[in-house]
Protein chains: 2
Amino acid sequence: MDKSKIENTEVEILNAAKEVFQQKGMAGARMQEIADKAKINKALLHYYYRSKQLLFEAVFKSAFTLLAPQLNKVLNDDSDLFEKITKFTDNYVSFVVKHPYLPNFVIQELNKNPEFIQRLRAEKHFPTIDTFKAQVTEAIEQGKIRPIEAEQLLINIMSLNLFPFMGEPLLMALINVDKTAYNKILLDRKTQVADFIINAIKI
Amino acid sequence: MDKSKIENTEVEILNAAKEVFQQKGMAGARMQEIADKAKINKALLHYYYRSKQLLFEAVFKSAFTLLAPQLNKVLNDDSDLFEKITKFTDNYVSFVVKHPYLPNFVIQELNKNPEFIQRLRAEKHFPTIDTFKAQVTEAIEQGKIRPIEAEQLLINIMSLNLFPFMGEPLLMALINVDKTAYNKILLDRKTQVADFIINAIKI
DNA sequence: GTCTATAGCCAGATAGAC
DNA sequence: GTCTATCTGGCTATAGAC
């Protein structure tokens with residue numbers, strides 16, 4: 001009744017594969033390392049997933065499925081605009097603490113295979129900007145925020161939230177702090193990023 | 001007197017290697033592809049650079065040497081704070097148009113080899129935050145901008161400028177536009193990003 | 001389903017002719 | 001300096017025993 005007995009081999013492999021692929025990417029990942037992490041042998045990887053490519057695709061799909069709802073919190077949650085921004089920046093930091101390599105993995109592999117987008121778009125729950133756009137337009141008309149294109153605002157929100165994690169080593173070097181101090185800075189962003197954005201747009 | 005006759009083989013190789021490494025990363029790059037691009041054979045790559053690792057390091061160093069002065073424009077240019085932000089966001093877009101894969105390459109390889117930072121720090125012209133920090137502190141004391149930590153402001157400036165390029169496929173999908181429309185949006189950011197930041201901090 | 005052993009391929013690196 | 005040919009190791013994938 002141990003948890004590891006309940007989870008079957010297929011799941012063990014997928015979890016190990018997530019770790020390795022997300023840290024090393026498709027090109028850098030090694031089937032041997034995944035097998036070692038899953039405490040099985042290489043042959044079993046192929047028994048369950050046929051090829052490295054298919055195992056990778058399972059990992060990628062799973063990663064995107066986890067990331068998409070996070071992004072959707074800005075786009076298709078029906079709370080007030082400022083509240084959404086506040087909740088999103090708070091939530092997102094917590095999400096990345098749990099899955100530190102995931103967003104960067106998704107973005108890098110999308111960069112290398114832009115055609116993945118076509119396939120993802122077919123899935124249900126693929127985020128769309130329409131609701132967010134209407135909300136921004138309305139807030140502008142009501143004089144609540146300065147005029148700004150919804151697309152630009154969305155890019156800004158995403159940038160301010162995703163980049164501090166993706167660019168961590170570079171940013172740590174630039175601001176000249178160690179990992180502990182940098183983590184403190186990231187936690188502060190849970191509230192500071194929303195304040196920054198709201199200050200930028202509110203009238 | 002053709003340009004390609006003046007440039008020697010070593011430079012041709014480095015240029016080809018830049019293209020391949022910056023697009024595919026260390027793990028994904030192939031020596032054969034670099035040789036093909038440089039219109040020479042694989043043996044010559046080793047003749048000039050000994051190994052893939054050393055060729056990669058030459059490319060990485062060259063890339064960082066190009067990127068560092070760009071980042072320094074925010075940190076150690078002695079113009080006024082608002083003016084710096086404006087100039088930086090304008091310049092940076094132009095820079096990435098010329099070197100589309102470079103910033104992402106540097107960041108990804110730093111993520112995979114955080115120890116590179118130690119070596120880079122030894123170089124002269126490594127960007128430091130001190131001047132920028134003093135400038136932010138002063139602007140706050142003078143009541144020109146709201147209180148904000150210089151580190152957070154720097155992270156915000158970097159995020160808003162670097163991420164729209166690194167996350168292009170993801171952002172294109174989210175805001176549901178094609179490459180042409182997205183490029184237009186990026187060009188608009190030349191001025192919009194600075195406005196956004198200044199609105200966020202000015203009193 | 002899980003293992004060991006190995007086939008087969010591909011990439012980095014080298015030898016040696018010119 | 002530049003080439004062709006080849007070595008060597010490592011990696012994906014499969015065969016086949018249990």
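We name chains A, B, ... by the order of the sequence lines, and we start the count at 1 in each one.
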Would one find a side-chain N or O of A:His46 under 4.0 angstrom from OP1 or OP2 of D:dA13? yes
When we call it a touch if two heavy atoms are under 4.0 Å apart, what does A:Tyr48 touch: a base, just sugar-phosphate, or nothing? sugar-phosphate
Does D:dT2 have OP1 or OP2 sitting under 4.0 Å from an N or O in the side chain of B:Thr9? yes
From NZ of B:Lys24 over to P of C:dA11, roughly how many Å is that when rounded to an integer? 11 Å
Euclidean distance, atom CE of residue A:Met31 to atom P of C:dC10 [Å, nearest integer]: 17 Å
How about A:Phe88 and A:Tyr92: are their ring centres within less than 6.0 Å of each other? yes
Counting side-chain heavy atoms from CB outward, which of C:dT2, C:dA13, D:dT2 is closest to A:Asn41? C:dT2
Within the distance-only criterion (no hydrogens, no angle test), does the side chain of B:Gln192 pair as donor or acceptor with the backbone N or O of A:Gln152 below 3.5 angstrom? no
Please report the distance, rounded to the nearest Å, between NZ in A:Lys42 and P in C:dT6. 13 Å
Side-chain atoms of A:Leu44 come closest, of D:dC3, C:dT2, D:dC11, to C:dT2
Within this structure, what is the OH-to-P distance between A:Tyr49 and D:dA13, rounded to whole angstrom? 15 Å
What is the distance, to the nearest angstrom, from the CG atom on A:Leu54 to the P atom on D:dT12? 14 Å
Nearest 0.5 Å, what's the CG-CG distance between B:Leu160 and A:Asn156? 5.0 Å
Which is true for A:Ala35 with a 4.0 Å heavy-atom rule: it touches a base, it touches only sugar-phosphate, or it touches nothing? nothing
How many whole angstroms separate atom CG of A:Asp36 from atom P of C:dC3? 12 Å
Rounded off to whole Å, could you give me the CG-to-C1' distance for the B:Leu45 and C:dG12 pair? 10 Å
Taking the minimum atom-to-atom distance to the side chain of A:Lys52, which one of D:dG1, D:dA13, D:dC3 wins? D:dA13
Identify which nucleotide among D:dT2, D:dA13, D:dC3 has an atom closest to any side-chain atom of B:Ile40, counting heavy atoms from C-beta outward. D:dC3
Are there over 12 heavy-atom neighbours, none belonging to A:Arg50, within less than 6.0 Å of that residue's CZ? no
Please determine, for the side chain of B:Ala43, which listed nucleotide (D:dT14, D:dT4, D:dT12) has the closest atom? D:dT4
Ring center gap for A:Phe21 and A:Phe105 short of 6.0 angstrom: no
Round to a whole Å and report the spacing from OH of A:Tyr47 to P of D:dC18. 19 Å
